[in-house]
**Student:** 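Let me give you the structure first, and then I'll get to my questions.
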Amino acid sequence: MVRYRYKKQNQDCNKTISSGKDKKFMCGIVGYVGKDKALSVLIQGLKRLEYRGYDSAGIAIRDINGKISICKAVGRVNDLEKKLRYDASGNLGIGHTRWATHGGVTVNNCHPHHVGKVTIVHNGILENYLELKTILCNEGYNFYGDTDTEVACAYIDYVYKNNSSSEIKDILEKCMNIFVGSYAIVGMIEDYDSELFVMKKDSPLIIALGDNGTYVASDISAYANDTKEYVPLEDMEYGTIMDNEIHIYKNNKELELLFNTLDVTNNEEGLQGFNHYMLKEIYEQKDLVSKWYNRYFNNHEIDSLVNMNDFKKIHIVGCGTAYHAGMVGKYLLEYYGDIEVQVFIASEYRYQKLFIDKDTLVIFISQSGETADTLACIKKVKEYGVMTLGIVNVENSSIARIVDKVIYTKALSEVAVASTKAYTAQVYVLSMLALKMALANDKLEIVDVKDFYLNLSNLIDKALNYDYKHIIDLIWKQEHMFYLGRNIDYVTMMEGSLKLKEISYIHSEAMAAGELKHGTISLMDEHSCILVMATLERLANKTISNIKEVKSRGAKVILLIREDISNNLDSDCYDEVILLPKGCYFTQPIINIVYLQMIAYEVAKRLGLDIDKPRNLAKSVTVE
Ligand code: F6R
């Protein structure tokens, strides 16, 4: 067995690998070659990837007579199982869960695709597939679906047919020189009875070793129970996988693979009595903040964090919830670090003009560590020679591997599509970076904030046990919601609003409270419902004035206000009020978001929705 790989040693934090379902991608790939029946291994793997969200599934097995049998179904892996009719005696196969990008949700578009002698599954997007399709049509190929994957499959077959005396690796290399876009491809060629082939660019793919064979998957969680050693492939790597041999190449040179050991310790599997993963993960925050307290305050990890004072400005880049965490970070870092911070949405940043140099620190935030837009931004800024810092949850993920330094958020695996504890973990890390600057700048001393962090667990507990019924009564039938706040409350509301819309499907918009009267107030009438947050003493009165403006137009107002600043509150200015416990500037956003997470969860629950797998969403977005 050839098993080797270089291991990058650039990171400054603990590098153990979490085994749970914490790497999440849009489509799922599984592959197996070994001594067990491939069918059961693959179905098992697909089931473990179900959490990520998908709309169809398929499987291809090579049986002992060399025949390749394919079964595909729209819907769940259970639907696929019901359709399986063939005798699954083979030990070699591939499987896929598809989240539609090119072409609708149909059996024809579902993977695996089979053309000529080649069968493949594919994650990513082949950007030049139309161009290749034209070439292939002229060569006599017919297509039955609309996917780029069918074209990729046909192209591999075409190159194979024209170079049948070549080794598989040479066929793959030729194809990779032509393919444009992102791909993790696993496939079989009919003439090869005991090997799978793999090729990877900009979409994750791992190879893992088990006692009974070799596994390949887009996400280690597919096989975390069967394997202890795995290696993530890097871009432009390709090769073949057998039961006892693995050969991986780059630029026609075979590579040494160094396998990582899977750490299965820290991830608790299953719902553990909760009805949904989202609720379980919201609750986990209570214990996690204590663990993080130990990490940074008792074990002094704050001392080993990047020294931000070495830089003149900071850019923070992320998508969705990670972007919102970055926004919280901006307020904290600017306030305590006196440093200019700009926050960018990765899909914009990757195409915009950048004004960065060696005095700029660029921070990338990502739960999965695999988000395509964020990854592309890292590759882009590297050309400027800037220092890159990743704040990442999934250890050894693509983003964690390519940044100069990484801080692992240690939120453990997050299964629900709507991110909760990973967001809190990101904010916690950013608050530590800001605190480190504040200490260095003599803005405060650690004793000024330590107890606020220590007390976080109790205050989160309060949020978990709050009775939200009256609040949910007001929200659950709304078609539109508005989330208002100022300063750091505003950006917390951005995240709260995203949580509501992604799992309840209620349209929701967050805005700076002072901005309302510059346009959006025209929408306010007796049917409107507004959630307002006011937890900053110096700005609370201004926010209250803003809600009076909407209240006087008949809108329903739910006010979340810090208990200790609510004394002289005019009860006419709200319909429902939640009194929030007091934190400090660093910890208040963490307390506040738990209330908003609970509100989103309770609304979706009242509506009877599929909370952990909201429609159209994938846990992490590995295509552009
Ligand atoms: C929302 C959510 C998404 C992700 C975004 C970035 O609940 O989870 O908005 O935050 O897709 O994903 P990561 O953090 O994996 O880069």
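Start at 1 and go down the list; that is how both ligands and their atoms are numbered.
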**Student:** Enumerate the atoms of ligand 1 whose separation from the nearest heavy atom of V417 is less than 4.0 angstrom.
**Tutor:** 7 (O), 8 (O)

**Student:** What atoms of ligand 1 come closer than 4.0 angstrom to any heavy atom of Q367?
**Tutor:** 13 (P), 14 (O), 15 (O), 16 (O)

**Student:** Side-chain donor-acceptor pairs under 3.5 Å in residues 476-483, sequence neighbours left out?
**Tutor:**
| residue | atom | partner | partner atom | Å |
| --- | --- | --- | --- | --- |
| Q478 | NE2 | L474 | O | 3.4 |
| H480 | ND1 | H507 | ND1 | 3.0 |

**Student:** Side chain, backbone, both or neither: which part of E502 has a heavy atom under 4.0 Å from ligand 1?
**Tutor:** side chain

**Student:** Below 4.0 angstrom from a heavy atom of K499, which ligand 1 atoms are there? Numbered from 1 as shown, please.
**Tutor:** 1 (C), 7 (O)

**Student:** Kindly assign one of parallel, tilted or perpendicular to the pair Y183 and H122, based on the angle between their ring planes and the thresholds 30° and 60°.
**Tutor:** tilted

**Student:** Can you confirm, on distance only, whether ligand 1 has an N/O atom lying under 3.5 Å from any N/O atom belonging to Q426?
**Tutor:** no

**Student:** Which atoms of ligand 1 sit under 4.0 Å from any heavy atom of G320?
**Tutor:** 9 (O)

**Student:** Take the angle between the ring planes of F586 and Y453 and call it parallel below 30°, perpendicular above 60°, tilted in between.
**Tutor:** tilted

**Student:** Would the Y54 and H96 ring centres measure less than 6.0 Å apart?
**Tutor:** no

**Student:** State whether the side chain of N393 and the backbone N or O of A411 hold a donor-acceptor pair below 3.5 Å, judged by distance alone.
**Tutor:** yes

**Student:** So is T374 polar-close to ligand 1, meaning N/O to N/O under 3.5 Å?
**Tutor:** no

**Student:** As an exercise, identify every atom of ligand 1 less than 4.0 angstrom from a heavy atom of S419.
**Tutor:** 7 (O), 8 (O)

**Student:** Aromatic ring centroids of H324 and Y423 under 6.0 Å?
**Tutor:** no

**Student:** State the atoms of ligand 1, each with its element, that fall below the 4.0 Å cut-off from a heavy-atom position in A322.
**Tutor:** 10 (O), 14 (O)

**Student:** Out of all atoms in ligand 1, which are within 4.0 Å of some heavy atom of A418? Include the element for each.
**Tutor:** 7 (O)

**Student:** Partners of F311 by ring-ring contact (aromatic ring centres under 6.0 Å, His included), sequence neighbours excluded?
**Tutor:** none

